[in-house]
Amino acid sequence: MSNATLMRHAGFVLRSNVVTAIAAGAALLLVLTAIIGPLVIRYDPHSSNVSIALQPPSALHWFGTDQLGRDVLARVVTAARLDLAIAVLAVSLSFVVGAFIGALCGYAGGRIDRWVGRFVDVLMAFPLFVLAMAMVAALGNAVENIIYATAIINLPFYIRFARAEVNVRRGAGWVEAARASGHSHFEVVTRYLIPNVLPAMAVQISLNLGWAILNAAGLSFIGLGVTPPTPEWGIMVAEGARFITQGKWWLVGYPGLALMLTVLCFNLLGDGLRDILDPRMRQ
Amino acid sequence: MKPRALGLIARRTGRRFLSSVPALVGVVVFTFILMRVLPGDPAVFFASGPNAGKAEIEAIRSQMGLDKPMAEQLFYYVRDIGTGNLGRSLTTGQTVSKDLASRLPASLELTFVALALALTLAIPLGVLAALRPGSLVDHGVRLLCTLGVCVPTFVSGLLLIYCFYYWLGIAPDPTGRLDVFTTEPPRITGFLLIDALAAGDWEAWSAAARQLVLPAATMALFVLAPLARITRASMLAVLGSDYIRTAEGLGLSRPRIIIGYALRNGLLPVLTIAGIVFSTMLGANVLVEKVFSWPGVAAYALDALLSSDYAPVQGFVLLMATIFVIVNLTIDVLYGIADPRIGME
C-alpha cells in the first residue's frame, strides 16, 4: 500500500470509527500534556504547605491537596511525563530487541532458534509481574531498572511474533531476490524482513503501551523504582492509600483516573490501528 | 470412561509432565542467577542474624560452598531446593520455607475465591452477550471488559474500600484475614473458610468471608474481561454450528440447548486462557495483598524485598514459578480430558 492510499484508508477508518478517532485525539492530548503540561500548571508539584493539607477538590485546587498540602492536579500532570517516558522507553526497547532476535530466529532457524525458544519458555514460566519485581530487586531499586524489567517481560511476545511473521516470509521470492542481488543475511533481515513485519507489530506496540504503564505503576506502587517525592501515578496512589479509610478519595482517585484513561486510550488506539492495518481483523 | 482412554490420558499426562521439566530447570537456573546478581552476600542470608560476625560468615561461606566454582554452587543450590532449604529470613528469623508454608494458604484462598468469583460472573455475562450480539447487554459487557482491564488492581481495590468501608460502612476494616474480635479457628488446612467450617465455627466463617469479599472482588474484576470476552467469542462460534441447529430442529428446549450442548463445548477455549489468567492473578496478588494488608506470601516477599532481605524474595519467586508451571500442566491435562480430540495425535 502506498503512503497516500494508507493515509486515505486511515482517514476513512477514523471517520467511520469514532471511538478510534477519539482515542487518537486523547493520545495526542496526553502526549501534549506530558510535554507542555508542567509549564502550564499553576502550582509547583513539589512545594508543600501543611496548612492546606488534605483539602478536598475546590476552585483553587481542582484535584484537592495531599497530606503535605501539595496540589494533586499539578502532581498528576507532572507525572504524565515520567509515566509515559517509562512505558514508551520500555516498549521501544523490547520492540527493537525482540524484533531483531525474533527475526533472526525465524530467518536462521536451527540451533539459535531452539535456544532462544527455550529462553522464552523459561521467561514465560514466571508470572510476569513477579518476574519484573524480582528483576528490579536484582538490578537495584532505580527508575531505569523498571524500564529494563518492563522491557524484558514484554520481550517474549515480540520475539514470538517477529519469529512467526519472518518464518512465513523467509521463503518468499523477494527474500531470495534480495539474497541473489548480493545482500548479506544480516542485511536481508534488517533491511527487508524486519521492515516488512513492522506494520503488524505496530499494533502490538499500542496494546503493549497500556500494559507497560500498568506494570510500571504497579512496581512503583509497591515501592520499587520511583521514590517519593517524585510525582508518579503509582506512587501517588500508594501515598494516598493511607488516607482512603478516612475518605480522602481524591488522593487515589485522580492519579488512578489518569492511569485508567491512559491505558484505555492506548488500548482503544491499538484496536483501531489493527483495523487500519488489517481490515480483515475487524470484528 | 474406557480403560483405553484412561491409559491415553495417563500417557499424555506423563509426556506433558516430562516436557515441563526443562521449564522447571530453567526456572531454577534463572532464580540461581538472580540470587547471584542480587546485591548483598548470600552467606549473610543464612547467617544467624544481621549482627553475625565476620568469622561466622566466612564459616558459612565455605560451609555453603560459596568459595566453590559456579557450576558446583549451582549443584548445591539445587540440592538445597530439593531438601526444602531456601535460607532464612532476616526479618522474621524463621526459615523461608516455613514462612512460605504458613502464608501460602492465605494467598491461595484469596486467589481461588477470586477465580471462582470471576468465573461465576464472566461465564453468564459472556453467554448473555453471545445470545444477543449487538444488543444492550452485549454492549454493556463489552464496556465492562474494556474498562476492566484498564483499571489497575491497586486503584480498584482502594476505591472499593472507599465505597464499601468508608462510604456505605458495610465492609469490615480492610486489613488482614480476620477482624480483631474473632478468634482464628484451629489450623487444619490454613484456608480459613475450610478450617472454620471444619470447626463448626460460623462466626469465624462469616468473619473470614467478609474480609475476603473485597480483595477477591478486586482481583476478579481485573480478570473478568479476558474470561468474559473468550466465553462470548466461543459461544458465538458454537451457537452458529450445525449441531446446535440440529438440536433446535429436534425441538429441544432453549435452556437445554444452551447449557447442555452449547456451553459444554463453548467453555473449552476458556480453559486455554486460564493459564494467562492465573499468571495475571499471581502477579495481581502482590498488589492486592499490599492494598488489603493480606498476610500472604506476596506481601511477605514484598516486605522482605523492601528491607533488603533477599532469601524470602528468591523463595517466593521460585514458589510462584513452580505453582505456575504446575497450573499450566494441570490445565493441559484437563484440556486433554475435556477435548478427546487432543489426545488422538
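This is a predicted model, so every value here is computed, not measured. Below, chain A is the first sequence line, B the second, and so on; all start at residue 1. Note that these values count all heavy atoms, side chains included, but never hydrogens, waters or copies made by symmetry.
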Would you mind reporting whether Pro174(B) and Thr245(A) have side-chain heavy atoms less than 4.5 Å apart? yes
Turns out that what part of Val149(B) lies under 4.5 Å from chain A's heavy atoms comes down to both
Heavy-atom proximity to chain B below 4.5 Å, by part of Leu268(A): side chain
Enumerate by number any residue of residues 219-229 of chain B whose heavy atoms lie under 4.5 Å from heavy atoms of chain A; in the absence of such residues, state 'none'. Phe222(B)
Segment of Tyr162(B) engaging chain A (4.5 angstrom heavy-atom cut-off): both
Most heavy-atom pairs under 4.5 angstrom with chain A, which of Val151(B), Val27(B), Leu159(B)? Val27(B)
Phe129(A) side chain reached by Leu287(B) side chain, heavy atoms, under 4.5 Å: yes
Pick one: which of Phe324(B), Phe316(B), Phe30(B) meets ring pair (Phe, Tyr, Trp, His ring centres under 6.0 Å) with Phe126(A)? Phe30(B)
Which pair of heavy atoms, one from Pro127(A) and one from Ser279(B), lies closest together, and at what distance? CA-OG, 3.6 Å
If you count heavy-atom pairs under 4.5 Å between each of Ala298(B), Ala301(B), Pro152(B) and chain A, which one has the most? Pro152(B)
Could you report the tightest heavy-atom contact between Ala125(A) and Val325(B), atom names first, then the distance? CB-CG2, 4.0 Å
Give the member of Gly247(A), Gly256(A), Gly210(A), Pro255(A) that has the highest number of heavy-atom pairs under 4.5 Å with chain B. Gly247(A)
Is atom OH of Tyr148(A) surrounded by more than 12 heavy atoms (other residues, nucleotides or ligands) closer than 6.0 Å? no
May I ask you to name which of Val25(B), Leu282(B), Asn285(B), Val291(B) has the most heavy-atom pairs under 4.5 Å with chain A? Leu282(B)
Can you say whether Leu123(A) sits under 4.5 Å from chain B via the side chain, the backbone, both, or neither, judging by heavy atoms? side chain
Could you pull out the closest heavy-atom pair between Val130(A) and Gly283(B), with the gap in Å? CG2-CA, 4.3 Å
Applying a strict 4.5 Å limit to non-hydrogen atoms, the region of Leu158(B) in contact with chain A is both
Check this for me: Leu143(B), atom CG, are more than 12 non-hydrogen atoms of other residues, nucleotides or ligands nearer than 6.0 Å? yes
Show me the side-chain donor-acceptor pairs of residues 218-241 of chain A shorter than 3.5 Å, one per line, residues at least two apart or across chains.
| unit_1 | atom_1 | unit_2 | atom_2 | d |
| --- | --- | --- | --- | --- |
| Ser220(A) | OG | Ala216(A) | O | 3.3 |
| Ser220(A) | OG | Ala217(A) | O | 3.2 |
| Ser220(A) | OG | Glu232(A) | OE1 | 2.7 |
| Ser220(A) | OG | Glu232(A) | OE2 | 3.3 |
| Thr230(A) | OG1 | Thr227(A) | O | 2.8 |
| Glu232(A) | OE1 | Gly234(A) | N | 2.7 |
| Glu232(A) | OE1 | Ile235(A) | N | 2.9 |
| Trp233(A) | NE1 | Val76(A) | O | 3.0 |

For chain B, find which of Met133(A), Lys248(A), Met135(A) contributes the most heavy-atom pairs closer than 4.5 angstrom. Met133(A)
Just do the side-chain contact (heavy atoms from CB on, under 4.5 Å) check on Leu147(B) and Leu264(A) with the steps written out, would you? CA-CA 7 Å; Leu147(B) 291 180; Leu264(A) 180 67; 4.2 Å; yes
Most contacts with chain B, counted as non-hydrogen pairs under 4.5 angstrom, among Leu261(A), Val252(A), Leu257(A): Val252(A)
Could you tell me which of Val286(B), Thr322(B), Ile323(B) has the largest number of non-hydrogen atom pairs under 4.5 Å with chain A? Val286(B)
If I take atom CD1 from residue Ile213(A) and atom SG from residue Cys150(B), how far apart are they, to the nearest 0.5 angstrom? 10.5 Å
Between chain A and each of Asp173(B), Leu306(B), Leu302(B), count heavy-atom pairs under 4.5 Å; write down the option with the most. Leu302(B)
